[in-house]
Amino acid sequence: MSLRSLRAAFSATASIAAVAGVLAILGAPSSARADEGMWTFDNFPIQTVNDKYGTRIDQAWLDRVRNAAVRIQGCSASFVSDEGLILTNWHCVVGCVQELSTPEQDFVKNGFLTANREEERRCPGQTAEVLVDIVDVTDRVLAAGEGLEGAAFNAARSAATSAIQTEACAGDPKFNCQVISFYRGGRYALYKFRRYDDVRLVFAPENQAAFFGGDPDNFNFPRYALDAGFLRAYEDGRPVESPSFLRWNPNAPAEGDVTFVAGNPGSTSRLLTMSQLERLRDQQLPVMLIQASELRGRLLEYSLTGDEAKRLAFDPIFGLENSFKVYYGQQGALTDPAFMAAKREAEAELRARVAADPNLVQQIGDPWTELERVQATARDLYLPVRQLQQAAGGGSTLYQMARGIVRASKNTSMTEAQRARLVAAVGAETPIAMEMEELRLRYWLSKTREYLTVDNAEVKAMLGRESPEALAERLISGTQMEDAAFRARAATMTTEELAAADPLLAFVIANDDAAQAIGARWAAEVDAPTARAAERVAQARFAVYGTNQYPDATFSLRLSYGQVQGWTHRGVTVPPFTYMGGLYERATGAEPFNAAQAFLDNQSRVNMDTVYDFVSTNDIIGGNSGSPVINAAGEVIGAAFDGNIHSLGGSFGYDGELNRTVSVSTAAITEALRNIYPSPHLLEELGVE
């Protein structure tokens, strides 16, 4: 369902696609290849696209799209009206839908519909950001680390990026300034975002409408999913004026039409070296797979204990299953011999080209060998840094809040404004499921003891003479952290006051020094040398292949191009469209192929010939969920929500013959708003008659 998910079976078919993608991405780069690339807006191949598709896009077109694109928490979106209305995916807003639900009113199951602005409800913690400026800061960032190593290198780089961000935003809370690394450190850019903190839910269909077909249909096509939702950005209690927005086109595209996807792809690893990929394959992914699998089992078991538990566990299980599929799909690619042989060959070719140029050798040295040495260190540190720092708390919301409060209490350089923002953040009303908090904490403590062993000093310090189960029960039953007012007070306390005020806070205080120490070692011994070496690998790529390349995804705004097109594999052709009538034909009445109640109730009103979902050749990855699919006129014609099974290797490569983006059409959303979930006020706002 989510673009962060990968199907649980990695087929030979996908392996072939991934190998082809690797050879494409790591060969001599050329924007004239297949529709490959998640391009930054300041390096988009305008002429290539216009020559290939006969379009007339220009910088003004790009600017309009950039100003309409929206980044929300973990997903992408877009303004689709001049009154702050935002289109995204249902699975990007389902967390908000669940937080707004109660045992008496389950909006996840029944859908969330509004008749007017007064019924729109704020999504806790949700933000909307629009990229307003891009400034190259490569020289300044690189100069900051010149001649330094380890912790000193990290500190200098951190200080430089922090200074750049502070100068750019000048303390204005309406903006978020972020220095982003591209090409694995080959380039740095300041991205300045206009930020909106008041984001409200406007519309979400029933979960069975958005997730029809469940896991069996996930990462497959044909699809029959209304994976769409609407939010609205507010400021000072009023809807935001958004003059830059994508006009709504209620008509379906035709096969062959050019398509653009503007969004924030989360992470790709197409530029990692072989040694980095091998450690990912041999250590990191197996641990993540095993732990995700066990946590999923615990959550599923909990969900069977009652209706309320099932409701509370729905979104966490949904998200975890998506993550599990990501890990499984990545592991499948990295354990495919042909795939890795192609990666190895591409790296060998680049290294040979560098070795043949004495000047280039003198400039960059041998960063590949340096990265091999770093992986040996990373193997030793990975488990403790994961258990004590990166995955500490096992996903417990209260633990994360407690750690943030504790670390802030020790930070003597925090300004009053920063402290006020912390108080507001932790003091916000947030639904907390205490049984699930205990489940997550118990899981994390047990896995930490298992992976680091009983005799590990940090494990002994954490557990003392208690079992993971008893400790988790004591901490969660005794904490006051579920009370928003207490959290706000705690954010103003000293470390000593926190230790006396609450058992969970006291636990974090007692163990966080060890967590920060191993985190500091990782930063100095892994992150810093990796950054320095990766920068020189990037320089080698620029020197050998030129600068007309796209960087790995970094959850920053990108634009991909392609066309509406099905695919053919092993003699079977998959058409690019599904139709709403196909949903009723596919429905069996049994989960997950039971049609949503509103679809059944309004079947006679639905235009069965309406294009429902469609596929295109756009290159996307997780984080693109909710991205607007845009035509050459700059109109929105869909929202991307998935990929097909052949896109499993998308983290590592792209194959234009088989990789496809799956989107829900604006034609289907319009039909749903007209005849399934009647919303005349939204249709009017979208300019639909």
Side-chain angles (χ1 to χ4, degrees), residues 73 93 95-107 118-128 173-174 195-201 234-237 308-309 311-313 315-316 392-442 444 471-512:
Q73 296 295 316
V93 302
C96 170
V97 177
Q98 180 149 332
E99 289 182 322
L100 297 179
S101 296
T102 65
E104 296 74 32
Q105 179 58 280
D106 188 349
F107 294 123
E118 288 70 30
E119 294 180 357
E120 298 172 0
R121 296 176 61 180
R122 187 167 186 170
C123 290
Q126 185 60 273
T127 58
K174 293 182 179 181
R195 181 185 178 95
Y196 303 98
D197 293 319
D198 184 354
V199 180
R200 305 185 191 182
L201 184 64
Y234 280 74
E235 191 169 41
D236 299 326
E308 180 64 1
R311 184 184 73 82
L312 292 172
D315 186 46
S396 161
T397 299
L398 294 184
Y399 184 93
Q400 295 304 319
M401 288 181 174
R403 187 165 73 171
I405 290 170
V406 167
R407 291 186 176 180
S409 74
K410 299 177 182 180
N411 185 354
T412 57
S413 64
M414 277 190 81
T415 65
E416 288 299 321
Q418 291 172 328
R419 182 75 61 180
R421 286 197 293 272
L422 174 66
V423 170
V426 299
E429 290 290 346
T430 302
I432 303 292
M434 297 301 283
E435 288 184 346
M436 288 189 59
E437 289 292 300
E438 183 179 333
L439 181 154
R440 288 183 177 276
L441 205 60
R442 185 170 64 242
W444 166 62
L471 178 57
E473 192 279 332
R474 177 174 67 81
L475 294 177
I476 296 303
S477 65
T479 189
Q480 302 176 68
M481 284 289 291
E482 78 275 15
D483 179 10
F486 172 79
R487 295 196 299 269
R489 292 196 303 275
T492 66
M493 295 180 186
T494 65
T495 306
E496 293 73 20
E497 290 170 334
L498 293 174
D502 187 89
L504 180 58
L505 289 165
F507 174 81
V508 173
I509 291 168
N511 295 282
D512 195 50

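Note that these values count all heavy atoms, side chains included, but never hydrogens, waters or copies made by symmetry. One-based numbering along the sequence shown.
Here the CG atom belonging to Leu398 is positioned 9.0 Å from the CG atom belonging to Leu441, to the nearest 0.5 angstrom. Between the CZ atom in Arg403 and the CG atom in Leu505 there is a gap of 13.5 Å [rounded to 0.5 Å]. Distance check: Ile405 CD1 to Leu504 CG gives 9.0 Å after rounding to the nearest 0.5 Å. Separation of atoms CG (Leu439) and OG (Ser396) is listed at 10.5 Å; rounding is to 0.5 Å.
Closest approach of Gly427 and Ala488 over heavy atoms only: CA-CB, 4.1 Å. The two residues Phe107 and Ser101 come nearest to each other via the heavy atoms N-OG, 2.9 Å. What you find for Arg419 and Ala408 is that their closest heavy atoms are NH2-O, 3.2 Å. Smallest separation of non-hydrogen atoms from Ala499 and Ile509: N-CD1, 3.5 Å. Shown here for Gln98 and Pro316, the closest heavy-atom pair between the two residues is NE2-CD, 4.1 Å.
Within the 4.5 Å cutoff, the side chain of Asp197 has heavy atoms near those of the Arg195 side chain. Met434 places none of its side-chain heavy atoms less than 4.5 Å from the side chain of Ser477. At a threshold of 4.5 Å between non-hydrogen side-chain atoms, the residues Glu99 and Cys123 do not count as touching. A heavy-atom distance below 4.5 Å is found between the side chains of Thr397 and Met401.
Judged by distance alone, with hydrogens and angles left aside, the side-chain atoms of Gln126 form no donor-acceptor pair with the main-chain N or O of Asp198 at under 3.5 Å. The main-chain N or O of Met481 is found under 3.5 Å from a side-chain atom of Arg487 such that the two form a donor-acceptor pair. Panel note: side chain Arg121, backbone Leu201; no donor-acceptor pair is recorded below 3.5 Å. Between the Glu497 side chain and the Thr494 main chain, a donor and an acceptor come within less than 3.5 Å of each other. Proximity of a side-chain donor or acceptor of Glu482 to a complementary backbone N or O of Ala433 within less than 3.5 Å is not detected. Judged by distance alone, the side chain of Asn511 and the main-chain N or O of Phe507 form a donor-acceptor pair under 3.5 Å. Looking only at distances, no side-chain donor or acceptor of Arg442 sits under 3.5 Å from a matching main-chain atom of Glu437.
Side chains of Gln73 and Thr127: a donor-acceptor N/O pair is present below 3.5 angstrom, by distance only. Side-chain polar atoms of Asp502 and Thr479 form a donor-acceptor pair below 3.5 angstrom.
Within a 6.0 Å sphere centred on CD of Glu429, heavy atoms belonging to other residues, nucleotides or ligands number 12 at most. Annotation for Gln418: atom CD counts as buried by contact number, over 12 foreign heavy atoms lying within 6.0 Å.
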- Message: Please determine whether side-chain contact (heavy atoms from CB on, under 4.5 Å) holds for the pair Glu496 and Leu498, giving the CA-CA distance in whole Å, both sets of side-chain angles, and the decisive distance to 0.1 Å.
- Response: CA-CA 5 Å; Glu496 293 73 20; Leu498 293 174; over 6 Å; no

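A cation-pi arrangement, defined by a distance under 6.0 Å to the six-membered ring centre and an angle within 45 degrees of its axis, is present between Arg200 and Tyr234.
Take Asp315 and apply the salt bridge (Lys or Arg N to Asp or Glu O under 4.0 Å) test, not counting sequence neighbours, and it matches no residue.
Remark: Arg311 engages Glu308 in a salt bridge, criterion side-chain N to carboxylate O under 4.0 Å.
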